[in-house]
Participant: 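Once you've had a glance at the structure underneath, I'll fire off some questions.
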Amino acid sequence: MKTFPFIILCATGPLLPAQPEKPETGEVAPAPKKDAEEQTVTIAEVLGKPIKANQSEALTSLIFTAMMEKYAKDNKIAATDEEVETFLAKGDEMDKTTREGFIKDRKRLEEELKSATLSDADRKKKQEELAMAEDVLKTMEQEADKPKKRDAEETKMAREFVRTWKVNRALYKQYGGRVIFQQAGPEPLDAYRDFLRGEEAKGSFNIMDAEAKKVFWKYFTDDSMHTFLDAKEGAQAMEIPWWLKEQKPE
């Protein structure tokens, strides 16, 4: 299966903040007293399905994913076969460019290591960079030797990625607002917030636990967590996906 080295595929929902680690004391921690209770206590509901206390760490993802799927279904949004193939083809193109870059790096490092004037520290650093480049090229060459037929899981991931972008674009067109930068693609943060508030008001989801509700809304309301694109850049990012943009020559 291809690993999509050209992107970081994201989950369809924001991740909850990591829980603080407990200090190690050398003692065996006692079994949680509320395990049984957490199996039965409902802290939220989404589309009629309960979310239990022992699912609290996944609550944001569970609700967000369900709401995005509902929006896609209600608005008949899906990735077409042509869009998926275009996305995958762009990945192939970027893989080729990446491989060519590592080949150039390998050749440059091999030439630089021939110099007798390199310090021991510089020589060691370049040797490590060369070893890394060779390892990456070996992996990429092994992938290139495999049959070109699309892997089912690869196609599934690409389809979900494209559909997620189309949902984001539709939300932005409907609600507007600010756009944030994420490695896997821009997100219409204000549109997320306004859409989710509307769905909450309609009863599509309900968070009964006060602390869980606070954690859920933090991603959508705490500006300090995000890097915002300026208005023009944000609008452009939501109009054309990066894999359809013309690449400027270096």
Side-chain angles (χ1 to χ4, degrees), residues 8-75 77 157 160-161 163-165 167-172 174-229 234 237-238:
I8 298 177
L9 287 176
C10 60
T12 54
L15 298 178
L16 285 169
Q19 297 296 315
E21 295 184 1
K22 295 181 179 180
E24 296 183 3
T25 61
E27 300 178 358
V28 177
K33 296 180 180 179
K34 295 187 178 181
D35 276 357
E37 181 182 351
E38 289 182 346
Q39 296 285 343
T40 58
V41 173
T42 298
I43 61 172
E45 292 179 349
V46 57
L47 299 178
K49 296 180 180 179
I51 298 175
K52 304 298 184 179
N54 63 348
Q55 298 174 290
S56 60
E57 292 187 2
L59 180 141
T60 294
S61 180
L62 289 170
I63 293 176
F64 185 83
T65 299
M67 290 298 96
M68 293 300 103
E69 290 177 351
K70 177 180 183 297
Y71 187 86
K73 183 178 180 180
D74 290 347
N75 292 277
I77 298 173
M157 291 171 67
E160 179 58 26
F161 194 93
R163 190 198 71 155
T164 296
W165 183 84
V167 167
N168 286 345
R169 180 178 61 178
L171 282 165
Y172 179 76
Q174 182 175 350
Y175 294 94
R178 298 170 299 171
V179 176
I180 61 174
F181 168 82
Q182 292 287 23
Q183 287 181 309
E187 293 183 356
L189 186 70
D190 290 344
Y192 284 167
R193 181 200 62 220
D194 293 347
F195 166 67
L196 290 169
R197 283 177 175 167
E199 290 299 315
E200 183 182 39
K202 290 192 296 186
S204 296
F205 69 93
N206 180 30
I207 307 173
M208 290 78 85
D209 182 86
E211 184 59 30
K213 189 169 187 174
K214 180 180 177 181
V215 171
F216 174 81
W217 285 109
K218 182 177 176 63
Y219 184 88
F220 307 102
T221 59
D222 185 350
D223 288 359
S224 66
M225 296 179 64
H226 306 293
T227 299
F228 290 87
L229 303 178
M238 298 312 306

Participant: Report the distance from atom NZ of K49 to atom CG of L62, rounding to the nearest 0.5 Å.
Facilitator: 10.0 Å

Participant: Taking the six-membered ring for Trp and the single ring otherwise, decide whether the centroids of F220 and F64 are under 6.0 Å apart.
Facilitator: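 Ring centres of F64 and F220 closer than 6.0 Å.
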
Participant: Any chance you could measure T60, atom OG1, to Y219, atom OH, to the nearest 0.5 Å?
Facilitator: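 T60 OG1 to Y219 OH: 10.5 Å, rounded to 0.5 Å.
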
Participant: For residues E187 and Y192, determine if any side-chain heavy atom of one lies less than 4.5 Å from a side-chain heavy atom of the other.
Facilitator: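 SC-SC contact between E187 and Y192 confirmed.
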
Participant: Could you walk me through whether T227 and Q182 satisfy the side chain to side chain contact (heavy atoms under 4.5 Å, CB included) test, starting with their C-alpha distance in whole Å, then the side-chain angles of each, then the deciding distance to 0.1 Å, before giving a yes or no?
Facilitator: CA-CA 8 Å; T227 299; Q182 292 287 23; over 6 Å; no

Participant: Is it the case that the side chains of Q174 and Y71 hold a donor-acceptor pair, with the cut-off being a distance below 3.5 Å and no angle test?
Facilitator: yes

Participant: Supply the atom-to-atom distance M68 CE to K73 NZ, rounded to the nearest 0.5 angstrom.
Facilitator: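 NZ of K73 is found 15.5 Å from CE of M68.
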
Participant: Testing the 3.5 Å rule here: is there a donor-acceptor pair between the side chains of K52 and T40?
Facilitator: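 T40 and K52 do not have a side-chain donor-acceptor pair below 3.5 Å.
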
Participant: Check whether any side-chain heavy atom of I43 lies under 4.5 Å from a side-chain heavy atom of M208, and answer yes or no.
Facilitator: no

Participant: Scan side-chain atoms only and decide if D190 and Y172 contain a donor-acceptor pair under the 3.5 Å cut-off.
Facilitator: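 No, no side-chain donor-acceptor contact under 3.5 Å.
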
Participant: Could you go step by step and tell me if T42 and I51 meet the side chain to side chain contact (heavy atoms under 4.5 Å, CB included) rule?
Facilitator: CA-CA 6 Å; T42 298; I51 298 175; 5.9 Å; no

Participant: If you compare all heavy atoms of R169 against all heavy atoms of M238, which two are closest, and at what distance to 0.1 Å?
Facilitator: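 Shortest heavy-atom contact: CG-O, 3.1 Å.
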
Participant: Kindly determine whether R193 and R178 satisfy side chain to side chain contact (heavy atoms under 4.5 Å, CB included), including the steps that lead there.
Facilitator: CA-CA 11 Å; R193 181 200 62 220; R178 298 170 299 171; 4.2 Å; yes

Participant: Can we say R197 and E200 salt-bridge, meaning some charged N sits less than 4.0 Å from an Asp/Glu carboxylate O?
Facilitator: no

Participant: With sequence neighbours left out, which residue pairs that include part of residues 201-211 fulfil the salt bridge (Lys or Arg N to Asp or Glu O under 4.0 Å) condition?
Facilitator: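 Passing the test, one end in residues 201-211: E199-K202.
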
